[in-house]
Amino acid sequence: NAALAAESTEPKEIPIPPIQTPMGPLPGPAELPARPGLPDVLRGATGAQVTSARDWPARRVELLRTLEYYAVGQAPPAPGNVKGRVVKTQELNGGTALYRLVHLTFGPEEKLSLDIGIYTPAGPGPFPAVIAPSGTPPGAAPLPRLPNGPTQGRGVNVLLVVGGGESSASPSTTPGTIASEPTTKAARGGGRGGPVDPERIAATNPALARGYAYVVFNNNDCGEDTTLRNPDGSWAFRNTRFFPAYPNYDWGLLRSWAWGVSRIVDYLEQDSRIDAGKLIVTGASRTGKSAMVAAAFDERLAMGAPVVTGGGGIGTYRHAGPRRSETLDIMVTKYPNWFSPHLHAFRGQREKLPFDEHWFLAACAPRPFLALEGDADVISLPEAVRQSIDAARPAYELLGASDRLAAHYAPHAHAFTNDDWAALLDFADWHLRGKKTDRKFNRFPTEAELDAALQRKG
């Protein structure tokens with residue numbers, strides 16, 4: 001009849017098969033209370049308030065367990081066997097800088113690998129270092145890539161299907177289809193604009209000019225950013241890179257990219273030219289989110305400095321939405337492959353979340369953390385960023401490090417610019433190298449300034 005016909009054509013989501021992890025289950029939204037306000041970073045699981053720095057490490061463990069289960073998925077432990085082989089060494093720009101291509105191996109039976117590029121200024125060092133995903137390192141062989149899912153990046157719910165099991169945006173494409181050939185973009189290594197000239201990087205990178213090392217890798221070499229699905233509905237990205245070695249972990253792509261950063265740290269701790277006590281992680285947009293995750297979970301990272309992170313990044317879910325900013329509902333439908341599979345259940349009920357994004361910032365305390373934003377970046381709401389900074393600050397205050405948590409707005413949209421680099425390096429010089437700065441942080445744009453920024457962008 002007509003009712004059944006209508007029901008059969010109504011878009012439905014292909015369910016994601018659950019993964020049983022070592023953590024086990026935690027309460028879902030039906031079992032959790034509504035909390036319109038932001039969950040307190042200093043109120044422990046028992047309800048007791050954390051009032052002493054001595055009790056902070058235990059509270060941080062609680063924060064991370066919650067974030068791992070609900071926000072980004074459970075990752076495997078550190079493999080403990082990272083080794084690096086220098087594949088190529090090259091002097092750059094008349095000997096003013098040095099580039100090394102290093103092939104890392106690790107994991108079960110040492111079968112996992114990751115290529116990284118390390119730029120250092122001239123001299124013996126050791127140098128503080130900025131770690132950033134920047135495409136395939138120069139000289140490394142680009143890995144083959146799966147194509148995007150049929151509706152990936154189109155602003156629609158990538159989990160939706162129409163009756164019959166076909167993609168609502170591409171009726172001729174079965175959701176389980178996986179291409180066996182890399183796309184043209186994949187053949188270039190997943191970056192933009194083809195191979196990167198290390199001479200150009202050495203001449204133009206702001207970190208090198210300020211006496212920092214610059215360490216690059218391709219985040220897609222950790223886990224491929226695709227919304228393709230297997231015939232059973234599971235994510236095809238779980239067939240790639242690090243994931244097959246750890247089938248009993250439900251980590252999403254953001255966590256896998258962050259886990260890759262930690263493997264880079266494992267190697268840099270052995271590198272005599274790198275100051276392993278002054279490692280900074282950055283990235284922009286989706287890799288800005290993963291930089292935030294990496295800084296929260298790995299205390300060896302001395303500073304986090306994510307750029308234009310948008311929804312699922314610095315700004316709180318509970319305040320997102322105005323000015324076309326990205327909300328929880330947008331993130332779990334357009335980009336569900338980035339997150340924990342448990343986050344999707346909170347669609348339409350963000351007030352049930354037992355955490356919010358400020359917990360990632362609090363988990364970094366007392367280490368320096370700088371959120372770099374653009375005043376014309378509509379996907380990120382400044383008020384949501386401000387709320388996150390303010391709600392995480394009690395953890396920093398508890399540890400006597402209130403000035404180490406900050407945000408900085410530059411005049412741009414969704415981009416990573418030299419203005420951001422300058423603020424990042426000023427903040428790092430201040431907190432990691434003891435150099436004073438006249439730059440002011442934590443000034444958020446007003447509504448009038450936001451309107452003017454959008455007019456300037458247009």
Side-chain angles (χ1 to χ4, degrees), residues 21-29 31-75 77-78 251 254-255 258-259 262 265 281 289 291-304 306 312-319 339-340 342-343 346 350-371 384-407 431:
T21 70
M23 186 182 297
L26 292 179
E31 307 164 85
L32 292 167
R35 309 181 199 193
L38 294 175
D40 189 344
V41 296
L42 295 183
R43 186 170 295 280
T46 64
Q49 197 76 6
V50 175
T51 58
S52 167
R54 180 182 62 253
D55 298 325
W56 173 248
R59 176 56 181 156
R60 179 174 178 271
V61 169
E62 292 179 345
L63 297 181
L64 293 179
R65 184 170 184 263
T66 299
L67 292 172
E68 199 159 27
Y69 184 85
Y70 294 103
V72 293
Q74 186 178 8
W251 44 337
L254 297 181
R255 187 74 176 93
W259 197 82
S262 289
V265 173
V281 61
K289 300 184 218 302
M292 176 188 75
V293 175
F297 279 87
D298 195 332
E299 291 183 287
R300 298 173 300 171
L301 291 163
M303 175 175 151
I314 301 297
T316 57
Y317 283 127
R318 283 171 169 83
H319 296 90
F339 303 98
S340 163
H342 300 117
L343 187 61
F346 293 87
R350 62 185 183 181
E351 72 283 353
K352 291 292 193 79
L353 288 170
F355 72 97
D356 215 313
E357 297 299 279
H358 64 299
W359 281 27
F360 285 104
L361 281 57
C364 296
R367 293 168 289 139
F369 189 96
L370 177 64
V385 173
R386 186 188 67 78
Q387 290 279 353
S388 193
I389 295 283
D390 288 349
R393 196 173 302 282
Y396 277 80
E397 291 174 344
L398 179 75
L399 302 173
S402 181
D403 61 354
R404 292 187 173 189
L405 176 62
H431 291 294

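Quick note: residue numbers are just sequence positions, from 1.
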Report summary line: S388 meets the side chain to side chain donor-acceptor pair (under 3.5 Å) criterion, sequence neighbours left out, with none
Query raised in the report: For L67 and D356, which heavy atoms make the closest approach, and how far apart are they?
Result: CD2-O, 4.5 Å
Query raised in the report: Going from CG on L42 to CH2 on W56, what distance comes out if it is rounded to the nearest 0.5 angstrom?
Result: 6.0 Å
Query raised in the report: Which heavy atom in D298 sits nearest to a heavy atom in R60, and how many Å separate them?
Result: N-NH2, 4.4 Å
Report summary line: Contacts of H431 meeting side chain to side chain contact (heavy atoms under 4.5 Å, CB included) (sequence neighbours excluded), chain-then-number -> P368, D403, R404, F427
Query - With sequence neighbours excluded, residues passing side chain to side chain donor-acceptor pair (under 3.5 Å) with T66 - result: none
Query raised in the report: Backbone N or O of L64 within a donor-acceptor pair of the Y69 side chain at under 3.5 Å?
Result: no
Query raised in the report: Does the E357 side chain pair with the main chain of Y317, one donor and one acceptor, at a distance under 3.5 Å?
Result: no
Query raised in the report: For R35, which residues count as a side chain to side chain contact (heavy atoms under 4.5 Å, CB included) partner, sequence neighbours excluded?
Result: P33, P39, R318, P354
**Report entry** S340 vs Y70 side-chain heavy atoms within contact, under 4.5 Å
**Finding:** no
Query raised in the report: side chain to side chain donor-acceptor pair (under 3.5 Å) with R386: which residues, sequence neighbours excluded?
Result: E383, D390
Query raised in the report: Please, which pairs that meet salt bridge (Lys or Arg N to Asp or Glu O under 4.0 Å) have at least one residue in residues 42-58, sequence neighbours excluded?
Result: none
Query raised in the report: Can R59 and E62 be counted as an ion pair, charged N to O under 4.0 angstrom?
Result: yes
Report summary line: Residues W259 and P77: closest non-hydrogen pair is CZ2-O, 3.6 Å
Query raised in the report: Rounded to the nearest 0.5 Å, how far apart are NE2 of H342 and OG1 of T21?
Result: 6.5 Å
Report summary line: Minimal heavy-atom distance between V72 and V293, with the atoms involved, is CG1-CG2, 4.0 Å
Requested in this report: Please examine the side chains of R300 and S262, heavy atoms only from C-beta on, and report whether any two atoms are closer than 4.5 Å.
Outcome: yes
Requested in this report: Answer yes or no: is there a side-chain heavy-atom contact under 4.5 Å between M292 and V281?
Outcome: no
Query raised in the report: Quick one: do the T316 and Q387 side chains pair a donor with an acceptor below 3.5 Å?
Result: no
**Report entry** Distance-minimising heavy-atom pair for P394 and V41
**Finding:** CB-CG2, 4.5 Å
Query raised in the report: Looking at A291 and P306, what are the two nearest heavy atoms and their distance?
Result: CB-CB, 4.4 Å
**Report entry** Under the side chain to side chain contact (heavy atoms under 4.5 Å, CB included) test, residues paired with A391 that sit two or more places apart
**Finding:** L38, H358
Query raised in the report: Can you name the residues that form a ring-ring contact (aromatic ring centres under 6.0 Å, His included) with W359, not counting sequence neighbours?
Result: none
Requested in this report: Would you sort out whether I314 and F369 count as a side chain to side chain contact (heavy atoms under 4.5 Å, CB included), showing the intermediate values?
Outcome: CA-CA 11 Å; I314 301 297; F369 189 96; 3.6 Å; yes
**Report entry** Partners passing ring-ring contact (aromatic ring centres under 6.0 Å, His included) against F297 (at least two apart in sequence or in another chain)
**Finding:** none
Query raised in the report: Under the ring-ring contact (aromatic ring centres under 6.0 Å, His included) test, which residues partner F355, sequence neighbours left out?
Result: none
Query - With sequence neighbours excluded, residues passing ring-ring contact (aromatic ring centres under 6.0 Å, His included) with F339 - result: none
Report task. Report yes if some heavy atom in the side chain of Q49 is under 4.5 Å from a heavy atom in the side chain of D40; otherwise report no. Result -> yes
Report summary line: The side chain to side chain contact (heavy atoms under 4.5 Å, CB included) partners of R350 (sequence neighbours excluded) come to L328, L353
